[in-house]
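Whatever order the structure lists them in is the order used to number ligands and atoms, beginning at 1. For this chain, numbers begin at 1 and follow the sequence in order.
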Amino acid sequence: MAATPPEQNDAVREIRINPIVPTQSVLVATARSMRPKQAEQAAPRDTRKHVDTCPFCTGNEDMTPPEIATYPSRENWQIRIVENLYPVLGDDRSSPNFSFGLQQTIDGYGRHEVIIDHNHHGIGLHEMSVEHLAMLFGAYRDRMVELYDTDDRLRYVLAFKNFGPAAGGSIPHTHSQVIAMPVVPDNVQAEVDSSQHFYDKNHRCIFCSLIDEALTFEATIYDRESGEVRRKLDVGQYVIERTEHFIAIKPFASRYEWEVHILPLQHHADYRTISADELSDLGNIIKRTMSRLEAVLGGVQYNYFIHSLPPHNEGNGGPASFHWHIEICPRTSIPTGFELGAGLFVNTISPEEAAIKLRNVSIDD
Ligand SMILES: [Zn+2]
Ligand SMILES: [Zn+2]
Ligand SMILES: [Zn+2]
């Protein structure tokens, strides 16, 4: 029996293992009958340049807590960083550790900062200039450097952005956040541990291996019983964008229909080491990738976050095995009880199909 070429497959229904963290998997189920999800409605976007009552707009600086940093200058700021008025973690050390039976807590110690991404109220990421995006991603780096350097109780600094109500973005003025916490989050630790495990076995960084695979190889999927070839995948089909220093990839086991990851082509574990030259190229690939998502989805709502090697990671995975990356997760549907209950994400668009759409959509160069 001949192998079925991918274009003749009208439905995929398979559990895909996350190669970075094999305990995490995704059900890719594209058959119409397998679509359990409710599509998220596109929210109308606030595209105004300036809003008189907005605390993040120019002229309203006294409506926010005092500023921590501004770029490029205080008088003519384009990016402004302030303490979060409603921090999820704070400086308050007064509450004692609390435990009863199996329930335990640790202090909610940490820092929570807001980065006002742009002085233009309603600008989309894809509409910002490459130079501005380089400055923004440089601001994330600067906050990580400063927070880790000035407070050795902090174990992880997470820079992230929520955009749109479906992604938890509650304030319409474009902004990101930095949360510094006293523990390494489980999902980051799982990536660190699993990539260290891969490194111990293969003497290679798994992220570098995936990049190489995306750029060169073909993969074959065999039928488990008969051993026959079920499908051949051109792994290069997962590449959405490639620039001088970076690659944007559609993960094979994508949790979200339009999820894209951005990684440096060269092995770097710690985001804090990014150079000015690399930042400007990162601005470029972010702009191109967000433009593609916007062109395909129209009014894309998303979360993104940076995963970087935790610096005080005593003995638990090292700079050779971990590779920093940005995960962009567009929110096009609401998670179901099945997903929460089974801990298994359901993706109803095959990553191959999504990658083709993202790669082929035309954007302004
Ligand atoms: Zn505003
Ligand atoms: Zn690597
Ligand atoms: Zn990650």
Is there a donor-acceptor pair closer than 3.5 Å between any side-chain N or O of Asn60 and the backbone N or O of Cys54?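 Flag set: sc Asn60 to bb Cys54 pair under 3.5 Å.
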Atom nearest to the Zn ion (ligand 1) - His173, N, O or S atoms considered: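 The nearest such atom is ND1.
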What N, O or S atom of [X] is found closest to the Zn ion (ligand 3)?
X: Glu327; value: OE2
X: His307; value: ND1
X: Glu191; value: OE2

Is there a side-chain contact between Ile262 and Leu282, using heavy atoms and a 4.5 Å cut-off?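 Ile262 reaches Leu282 side chain to side chain.
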Taking N, O or S atoms only and a limit of 2.8 Å, check whether His261 reaches the Zn ion (ligand 3).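 No - counting backbone and side chain alike, His261 has no N, O or S atom under 2.8 Å.
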Confirm or rule out an N/O/S atom of Cys54, from backbone or side chain, lying less than 2.8 Å from the Zn ion (ligand 1).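 Yes - counting backbone and side chain alike, Cys54 has an N, O or S atom under 2.8 Å.
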For the ring pair His121 and His173, is the centre-to-centre distance below 6.0 Å?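 Here the rings of His173 and His121 have centres that are less than 6.0 Å from each other.
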Can you tell which of His118, Glu127, Lys161 makes a side chain to side chain donor-acceptor pair (under 3.5 Å) with Thr174?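 Option passing the side chain to side chain donor-acceptor pair (under 3.5 Å) with Thr174: Lys161.
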Are the charged groups of [X] and [Y] less than 4.0 angstrom apart, N to O?
X: Glu278; Y: Arg141; answer: no
X: Arg74; Y: Glu67; answer: yes
X: Lys250; Y: Glu352; answer: no

Report, rounded to 10°, the angle at the Zn ion (ligand 1) between the two atoms ND1 (His121) and SG (Cys57).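 For ND1 of His121 and SG of Cys57, the angle centred on the Zn ion (ligand 1) reads 110°.
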Hphob cluster co-occupancy, Ile179 + Val82, side-chain heavy atoms under 4.5 angstrom: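 Cluster IDs for Ile179 and Val82 differ.
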Near the Zn ion (ligand 2) (under 2.8 Å) - protein N, O or S atoms: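 Short answer, with waters excluded from the count: Cys205 SG, Cys208 SG, His267 ND1, His323 ND1.
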For a ring-ring contact (aromatic ring centres under 6.0 Å, His included) with Tyr256, tell me which candidate from Tyr302, Phe345, Tyr304 qualifies.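 Running ring-ring contact (aromatic ring centres under 6.0 Å, His included) over Tyr302, Phe345, Tyr304 with Tyr256 returns exactly one hit, Phe345.
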